[in-house]
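Notes to accompany the following structure.
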Amino acid sequence: MNKAIEQYLGRHGFGQFSPKAVLFDMDGVIYDSMKNHAISWHEAMDSYGLDMPLSGAYEYEGMRGVETIKVLTQQQWGKAVGDEEAKEMYLHKSRLFAEHCQQTPAQIMPGIKELMQQIKDCGMKICVVTGSGQHTLLDKLLADFPGLLSEELMVTAFDVTHGKPNPEPYIIGMRKCEVQPWEAIVVENAPLGVRAAHAAHCFTIAVNTGPLPDDMLLREGADLIYPKMTALSEDFKRLRPRQ
């Protein structure tokens, strides 16, 4: 832990690390929702003749849906679709996702409530930074985490011009929390999200709740990596004295 913090400070040229806010990704971090995302992405893109393997949902996670579709069509069709067509394709994916969530509701990630309570108890702010624009999950956050999350401290696809891996979502999140990069901790699970947090100069913790290898997260700039959220929750006290 201490070595990771020292390396983080040296890498970015900061003189101190004094966290005052924790910024969480949503899918795969707060909710165990990635399985439903993966199958809905695969089914939706297949209906348009696009290949989106289940692992692709994890690789593109964090990027806004319309941007993911533009990347896929550019790669496989040799041209990116326009905004309106991308939006329609993403709406199809969103409808499938809602159906899968009705059949298999996304569960709260084990350990996340305990972690958030620790954060709140030591006076730090909690912010959700997600590439999602699906109201089914965004509305669920406030209902599932009363007293821990607030609408004012959320950054969604509706708040940004450039989604992850651009650092803009985390820059906006820090602005909402009124903190500087050395005062923020990001908790992510996806390569593109880690890249965005690293580019925003935040101390970045990766929790690998998906099928991708740890190396993919470390290469994108994760300062620490944990195998599951409960492990981070148990270890969080080692970060608290440095606030």
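Every heavy atom of this structure was used, including side-chain atoms; hydrogens, water molecules and symmetry mates were not.
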Has E183 got a side-chain atom pairing as donor or acceptor with A21's backbone, closer than 3.5 angstrom? no
Where is the tightest heavy-atom contact between V186 and A197, given as atom of each residue plus distance? CG1-CB, 3.5 Å
For E88 and Y48, the nearest pair of non-hydrogen atoms, with its separation, is O-OH, 4.0 Å
Side-chain (D159) to main-chain (T156) donor-acceptor, under 3.5 angstrom: yes
Hphob cluster co-occupancy, L142 + V155, side-chain heavy atoms under 4.5 angstrom: no
Any chance you could measure L224, atom CG, to L217, atom CG, to the nearest 0.5 Å? 12.5 Å
Within the structure provided, determine whether M63 and P165 are in side-chain contact (heavy-atom separation under 4.5 Å). yes
Determine whether a donor-acceptor pair (N or O, by modelled atom type, separation under 3.5 Å) exists between the side chain of T104 and the backbone of C101. no
V129 and F24: CA distance, side-chain angles, deciding distance, side-chain contact (heavy atoms from CB on, under 4.5 Å) verdict: CA-CA 6 Å; V129 181; F24 288 96; over 6 Å; no
Linking I/L/V/M/F/W/Y whenever their side-chain heavy atoms sit closer than 4.5 Å, directly or via other members, would L115 and L148 fall into one cluster? yes
Are the side chains of D46 and L50 in contact, using a 4.5 Å heavy-atom criterion? no
Donor-acceptor pair, side chain of E168 and main chain of H162, under 3.5 angstrom: yes
Side-chain heavy atoms of Y31 within contact of L141, under 4.5 Å: yes
Measuring only between side-chain heavy atoms, which start at C-beta, is M174 closer than 4.5 Å to C202? yes
May I ask you to test the D215-L218 pair for a side-chain heavy-atom distance under 4.5 Å? yes
Which heavy atom in L23 sits nearest to a heavy atom in A184, and how many Å separate them? CD1-CB, 4.2 Å
Could K93 and F97 be counted as a cation-pi pair, given that NZ or CZ must be under 6.0 Å from the ring centre and within 45° of the axis? yes
If I take atom CE from residue M116 and atom CZ from residue F145, how far apart are they, to the nearest 0.5 angstrom? 5.0 Å
Donor-acceptor contact present, side-chain K35 to main-chain D32, <3.5 Å: no
Heavy-atom nearest pair, M52 first then A57, reads CE-N, 4.0 Å
Please state whether the rings of Y8 and F203 are parallel, tilted or perpendicular, taking 30° and 60° as the class boundaries. perpendicular
Roughly how far apart are E99 CD and S94 OG, rounded to 0.5 Å? 11.0 Å
Begin with the C-alpha distance, continue with both residues' side-chain angles, and end with the deciding distance and a verdict on side-chain contact (heavy atoms from CB on, under 4.5 Å) for Q7 and D223. CA-CA 8 Å; Q7 290 177 338; D223 295 290; over 6 Å; no
Lys/Arg N to Asp/Glu carboxylate O, R195 vs E61, below 4.0 Å: no
Check against side-chain contact (heavy atoms from CB on, under 4.5 Å), E59 and S55: CA-CA 7 Å; E59 294 179 30; S55 61; 3.9 Å; yes
Determine, stepwise, if the pair Y170 / E188 fulfils side-chain hydrogen bond (donor to acceptor under 3.5 Å, both in side chains). CA-CA 11 Å; Y170 283 114; E188 266 282 356; 2.6 Å; yes
F236 CZ to I119 CD1 distance, which is reported to the nearest 0.5 Å: 4.5 Å
Check T209 against G28 and note the closest heavy-atom contact, atom names and distance. OG1-O, 2.6 Å
Where is the tightest heavy-atom contact between Y58 and P191, given as atom of each residue plus distance? O-CD, 3.7 Å
Compare all side-chain heavy atoms of P169 with those of I172 and state whether any distance is below 4.5 angstrom. no
Could you please spell out the steps behind the salt bridge (charged side-chain N to carboxylate O under 4.0 Å, His left out) verdict for D144 and K113? CA-CA 10 Å; D144 286 344; K113 279 193 173 180; over 6 Å; no
According to a 4.5 Å side-chain heavy-atom criterion applied to Ile, Leu, Val, Met, Phe, Trp and Tyr, with indirect links allowed, do L96 and M89 form part of one hydrophobic cluster? no
Hey, is the main chain of A106 close enough, under 3.5 Å, to the side chain of S33 for a donor-acceptor pair? no
Any V207 side-chain heavy atom under 4.5 Å of V29 side chain: no
Parallel, tilted or perpendicular: which describes the rings of H12 and H201, with under 30° parallel and over 60° perpendicular? tilted
Does a salt bridge link D25 with K164, judged by any charged N lying under 4.0 Å from a carboxylate O? yes
Can a donor-acceptor pair be found between the side chains of E6 and N2 at a distance below 3.5 Å? no
Walk me through whether E220 and T204 qualify under side-chain contact (heavy atoms from CB on, under 4.5 Å). CA-CA 10 Å; E220 296 292 357; T204 306; over 6 Å; no
Quick one: do the N208 and Y226 side chains pair a donor with an acceptor below 3.5 Å? no
Determine whether a donor-acceptor pair (N or O, by modelled atom type, separation under 3.5 Å) exists between the side chain of Q74 and the backbone of V71. no
If you round to the nearest 0.5 Å, how far is CD1 of I185 from CD1 of I126? 11.5 Å
Flag yes if M124 and I5 sit in one hydrophobic cluster, no otherwise; membership is Ile, Leu, Val, Met, Phe, Trp, Tyr, and two members link when side-chain heavy atoms are under 4.5 Å apart. yes
Any chain of hydrophobic side-chain contacts (each under 4.5 Å) joining L232 to M109? yes
Look only at the side chain of S233 and the backbone of M229, and say whether a donor-acceptor pair between them is shorter than 3.5 Å. no
Heavy-atom donor-acceptor pair, H42 side chain to P53 backbone, under 3.5 Å: no
Between T73 (side chain) and V81 (backbone), is there a donor-acceptor pair under 3.5 Å? yes
Distance (rounded to the nearest 0.5 Å) between I30 CD1 and Q107 CD: 15.0 Å
Evaluate salt bridge (charged side-chain N to carboxylate O under 4.0 Å, His left out) for E67 paired with R64, printing each intermediate quantity in order. CA-CA 5 Å; E67 293 175 350; R64 293 191 303 170; 2.9 Å; yes
Do I225 and I205 have side chains that approach each other closer than 4.5 Å (heavy atoms only, starting at C-beta)? no
Would you say that more than 12 heavy atoms from the other residues, nucleotides or ligands in this model lie under 6.0 Å from the CD of E151, or not? no
